[in-house]
Asker: 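Here it is: the structure, laid out below.
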Amino acid sequence: MGSLPTLSSDFINPHSLSNPKATTATQSSSSSCIDETTLLNLFKSQQSHLNFFFQHLDLSQTLSFTRTLLLQSSAGATVFFSGVGKSGFVAHKISQTLVSLGIRSGFLSPLDALHGDIGALSKSDVLVLFSKSGTTEELLRLVPCAKAKGAFLISVTSVDGNALAAVCDMNVYLPLERELCPFDLAPVTSTAIQMVFGDTVAIALMGAKNLTKEQYAANHPAGRIGKHLIFKVKDVMKKEDELPVCKEGDLIMEQLVELTSKGCGCLLVIDDDHHLIGTFTDGDLRRTLKASGEAIFKLTVGEMCNRNPRTIGPDAMAVDAMQKMEAPPSPVQFLPVINGQNQVIGIVTLHGLVSAGL
């Protein structure tokens with residue numbers, strides 16, 4: 001692998017500091033130096049650094065770490081994560097991942113912890129401390145306070161023999177070849193492996209806890225997967241006064257307002273007991289008008305309606321309703337919702353499903 005690109009000594013023109021136009025010109029010129037080859041080499045270098053991590057990760061350490069989190073969380077403990085700067089962002093994200101999987105977790109800011117937030121920590125809890133160097137001053141100050149609370153402390157670091165690992169109950173070493181940064185300073189590779197490590201462990205915990213798709217969806221009710229697995233037809237259907245209903249003996253031309261005002265693109269043809277007889281769509285209206293001309297004024301809805309429409313029950317999943325609408329031989333824009341007695345209780349439309357985020 002070739003050496004990483006370095007910054008040219010004339011990357012910043014000292015004369016541009018007092019000349020805004022020169023600054024703009026220099027910035028424009030420098031941006032044009034980023035070519036496809038340079039970018040590709042950077043991605044290849046990052047890939048190589050990540051491969052180094054995967055090839056040298058101590059799986060026995062990782063397994064002990066994962067089992068500890070599983071055991072403690074199963075016993076009712078909260079798994080807290082902490083870190084400073086970029087490592088803090090990673091710690092916060094991993095905590096949120098665990099929460100989304102139904103595992104009690106939280107982010108503990110080392111600064112806020114020393115000013116009251118450590119009160120959330122108990123002797124049954126676990127505190128995971130993310131630090132690349134293991135010398136982060138804020139975390140080292142937090143350790144004795146967390147120990148006094150009786151929590152189990154785990155450090156996750158990338159430097160051998162560091163101070164943080166020495167004072168924690170367990171340490172996980174994340175192998176780091178170097179940062180992608182040409183100066184080996186900006187935390188871009190180290191945070192990437194922290195994120196990969198934490199999220200992979202989270203999925204391992206997900207499997208160990210036998211989390212079902214339905215349980216996962218229950219934690220994401222506003223997300224697409226949650227809506228697919230939680231929302232039923234009765235949750236998204238129109239009902240009562242929203243329904244475009246008529247009787248089979250009604251004249252077509254007398255039901256135009258009902259057909260167009262309810263926003264369903266159809267009429268639900270029912271009898272006196274609300275049993276579904278058929279449907280009449282705006283497409284049916286156009287076809288009838290074209291075929292019969294002025295005779296349409298004497299035609300009833302019952303004469304021209306579809307007496308074998310697709311229907312669905314209220315307890316069916318909303319996503320199943322969408323699939324039924326899209327099924328061959330031709331898609332439809334709505335489904336009458338009927339109960340066990342073939343009585344109309346609602347209507348679900350494709351527009352309504354899409355609006356609900358399905």
Asker: Atom SG in Cys246, atom CZ in Phe280: separation rounded to 0.5 Å?
Answerer: 9.0 Å
Asker: Is it the case that the side chain of Asp125 and the backbone of Val79 share a donor-acceptor pair, with hydrogens and angles ignored and the cut-off at 3.5 Å?
Answerer: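 Checked: no pair found.
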Asker: For the pair Ser74 (side chain) and Leu71 (backbone), establish whether a donor and an acceptor sit closer than 3.5 Å, ignoring hydrogens and angles.
Answerer: no
Asker: Determine yes or no for a side-chain-to-main-chain donor-acceptor pair under 3.5 angstrom, with Glu258 supplying the side chain and Gln255 the backbone.
Answerer: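 Flag not set: sc Glu258 to bb Gln255 has no pair under 3.5 Å.
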Asker: Please lay out, stage by stage, how Ile252 and Leu285 fare under the test side chain to side chain contact (heavy atoms under 4.5 Å, CB included).
Answerer: CA-CA 8 Å; Ile252 292 175; Leu285 174 64; 3.8 Å; yes
Asker: Which atom pair, heavy atoms only, marks the closest approach of Gly83 to Ala91?
Answerer: N-CB, 4.3 Å
Asker: Is it the case that the side chain of Arg307 and the backbone of Gly302 share a donor-acceptor pair, with hydrogens and angles ignored and the cut-off at 3.5 Å?
Answerer: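 Side chain of Arg307 to backbone of Gly302, a donor-acceptor pair under 3.5 Å: yes, one is there.
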Asker: Decide whether Thr157 and Ser155 meet the rule of one side-chain donor and one side-chain acceptor closer than 3.5 Å.
Answerer: no
Asker: Please answer whether the main-chain N or O of Ser73 pairs with a side-chain N or O of Arg104 as donor and acceptor at a distance below 3.5 Å.
Answerer: no
Asker: Using distance alone, with no hydrogens and no angle criterion, decide if Gln46 and Thr189 have a side-chain donor and acceptor under 3.5 Å apart.
Answerer: yes
Asker: Measure the shortest side-chain to side-chain distance between Arg310 and Val332 over non-hydrogen atoms and say whether it is less than 4.5 angstrom.
Answerer: yes
Asker: If you measure only the distance, is there a donor-acceptor pair under 3.5 Å linking the side chains of Asp35 and Thr37?
Answerer: no
Asker: Is it true that Asp284 and Arg287 make a salt bridge, defined as a side-chain N closer than 4.0 Å to a carboxylate O?
Answerer: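 Salt bridge between Asp284 and Arg287, a charged N being under 4.0 Å from a carboxylate O: yes.
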Asker: Honestly curious: do Leu127 and Val201 fall in one hydrophobic cluster under the side-chain, below-4.5 Å linking rule?
Answerer: no
Asker: How many angstroms lie between CD1 in Ile94 and CE in Met195, if you round to the nearest 0.5 Å?
Answerer: 6.5 Å
Asker: Checking Arg178 side chain against Cys181 main chain: does a donor-acceptor pair fall under 3.5 Å?
Answerer: yes
Asker: Any Lys/Arg nitrogen of Lys147 or Asp169 sitting under 4.0 Å from an Asp/Glu carboxylate oxygen of the other?
Answerer: no
Asker: Hydrogens and angles aside, do Asn51 and Ser48 bring a side-chain donor and acceptor to less than 3.5 Å of each other?
Answerer: no
Asker: Decide, yes or no, whether a salt bridge links Lys298 with Glu303 under the criterion of side-chain N to carboxylate O below 4.0 Å.
Answerer: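 Result for this pair is no, no salt bridge flagged.
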Asker: Would you indicate whether Arg67, at its atom CZ, is surrounded by more than 12 heavy atoms from other residues, nucleotides or ligands within a distance under 6.0 Å?
Answerer: no
Asker: Could you go through the side-chain hydrogen bond (donor to acceptor under 3.5 Å, both in side chains) check for Thr300 and Glu248 one step at a time?
Answerer: CA-CA 7 Å; Thr300 64; Glu248 62 178 326; over 6 Å; no
Asker: Quick check: closest heavy atoms across Phe130 and Phe81, and the distance to 0.1 Å?
Answerer: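 Residues Phe130 and Phe81, closest heavy atoms: CE1-CD2, 3.6 Å.
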Asker: Kindly determine whether Ser131 and Val156 satisfy side chain to side chain contact (heavy atoms under 4.5 Å, CB included), including the steps that lead there.
Answerer: CA-CA 6 Å; Ser131 171; Val156 181; over 6 Å; no
Asker: If you measure only the distance, is there a donor-acceptor pair under 3.5 Å linking the side chains of Gln194 and Ser87?
Answerer: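 Yes, side-chain donor-acceptor contact under 3.5 Å.
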Asker: Could you go through His56 and Phe52, starting from their C-alpha distance and side-chain angles, then the distance that decides it, and tell me whether this counts as ring pair (Phe, Tyr, Trp, His ring centres under 6.0 Å)?
Answerer: CA-CA 6 Å; His56 294 85; Phe52 178 88; 4.1 Å; yes
Asker: Quick one: does any side-chain atom of Lys238 pair with a main-chain N or O of Lys262 as donor and acceptor, under 3.5 Å?
Answerer: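 Side chain of Lys238 to backbone of Lys262: a pair is present.
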Asker: Answer with yes or no whether the hydrophobic clustering places Leu251 together with Met304; edges join I, L, V, M, F, W, Y residues whose side-chain heavy atoms lie under 4.5 Å apart.
Answerer: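 No, Leu251 and Met304 fall in different hydrophobic clusters.
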Asker: Counting only N and O atoms by type, is there a donor-acceptor contact under 3.5 Å from the side chain of Asn162 to the main-chain atoms of Val159?
Answerer: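 Looks like yes, one N/O pair under 3.5 Å.
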Asker: Run the side chain to side chain contact (heavy atoms under 4.5 Å, CB included) check on Leu243 and Ile345 step by step: do they pass?
Answerer: CA-CA 9 Å; Leu243 299 181; Ile345 59 174; over 6 Å; no
Asker: Taking the side chain as every heavy atom from C-beta outward, state whether Cys264 and Phe334 have any pair of such atoms under 4.5 Å apart.
Answerer: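 No, every pair of side-chain atoms sits at 4.5 Å or beyond.
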Asker: Kindly give the heavy-atom pair with the smallest separation between Lys132 and Leu185, and that separation in Å.
Answerer: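 Closest approach of Lys132 to Leu185, heavy atoms only: NZ-O, 4.3 Å.
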Asker: What are the two closest heavy atoms between Ser158 and Leu176, and how far apart are they?
Answerer: CB-CB, 4.0 Å
Asker: Under 4.5 Å between side-chain heavy atoms, counting indirect links through other Ile/Leu/Val/Met/Phe/Trp/Tyr residues: same cluster for Met237 and Met325 or not?
Answerer: yes
Asker: Please determine whether residues Val245 and Ile277 belong to a single hydrophobic cluster, defined as Ile, Leu, Val, Met, Phe, Trp and Tyr linked transitively by side-chain heavy-atom distances below 4.5 Å.
Answerer: no
Asker: Take atom NZ of Lys149 as the centre, draw a 6.0 Å sphere, and report whether it contains more than 12 heavy atoms from other residues, nucleotides or ligands.
Answerer: yes
Asker: Tell me whether Asp315 is salt-bridged to Lys234, with the criterion being a basic N under 4.0 Å from an acidic carboxylate O.
Answerer: yes
Asker: With rounding to the nearest 0.5 angstrom, report the CG to CG distance, Leu289 to Leu299.
Answerer: 10.5 Å
Asker: Taking atom CE of Met317 and atom CZ of Phe231, what is their separation to the nearest 0.5 Å?
Answerer: 9.5 Å
Asker: Any chance you could lay out the side chain to side chain contact (heavy atoms under 4.5 Å, CB included) test for Leu50 and Ile193, step after step, and finish with the verdict?
Answerer: CA-CA 7 Å; Leu50 293 176; Ile193 64 176; 3.6 Å; yes
Asker: So, for Ile270 and Leu276, which heavy atoms are closest and what is the spacing to 0.1 Å?
Answerer: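 Result for this residue pair: CG2-CA, 4.4 Å.
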Asker: Between Asp199 and Lys93, is there a side-chain N and carboxylate O pair less than 4.0 Å apart?
Answerer: yes
Asker: Do the ring centers of Phe65 and Phe197 come within less than 6.0 Å of each other?
Answerer: yes
Asker: Is it the case that Asn41 and Thr38 place a side-chain donor and acceptor less than 3.5 Å from each other?
Answerer: no
Asker: Mark yes or no for whether Thr311, through its side chain, and Ile338, through its backbone, hold a donor-acceptor pair below 3.5 Å.
Answerer: no
Asker: With rounding to the nearest 0.5 angstrom, report the CG to OG1 distance, Leu267 to Thr260.
Answerer: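 It is 9.0 Å, given to the nearest 0.5 Å.
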Asker: Spell out, yes or no, whether Leu259 and Phe297 are grouped together once hydrophobic residues are joined by side-chain heavy atoms under 4.5 Å, including indirect joins.
Answerer: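 In one cluster with Leu259: Phe297, yes.
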Asker: Side chains of Asp117 and Ser109: closer than 4.5 Å at any heavy-atom pair?
Answerer: no
Asker: Ignoring hydrogens and geometry, is there a side-chain-to-backbone donor-acceptor pair from Asp273 to His275 under 3.5 Å?
Answerer: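 Judged by distance alone, no pair lies under 3.5 Å.
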Asker: Does a donor on one side chain sit under 3.5 Å from an acceptor on the other, for Gln333 and Thr349?
Answerer: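 Side chains of Gln333 and Thr349: no pair found under 3.5 Å.
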Asker: Go through the steps to decide whether Asp272 and Lys247 satisfy the test salt bridge (Lys or Arg N to Asp or Glu O under 4.0 Å), and finish with yes or no.
Answerer: CA-CA 8 Å; Asp272 292 337; Lys247 301 295 179 63; 2.9 Å; yes
Asker: Looking at His351, I'd like to know if its NE2 atom is crowded, meaning that more than 12 non-hydrogen atoms belonging to other residues, nucleotides or ligands lie closer than 6.0 Å.
Answerer: no
Asker: Do we see a donor-acceptor contact under 3.5 Å between the side chains of Asn339 and Gln343?
Answerer: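 There is such a pair between these side chains.
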Asker: Taking all non-hydrogen atoms of both residues into account, name the closest pair between Leu57 and Tyr173 and its distance.
Answerer: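 Result for this residue pair: CD1-O, 3.9 Å.
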Asker: Is the shortest side-chain heavy-atom distance between Cys305 and Thr279 below 4.5 Å?
Answerer: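 Result no, sub-4.5 Å side-chain heavy-atom pair not found.
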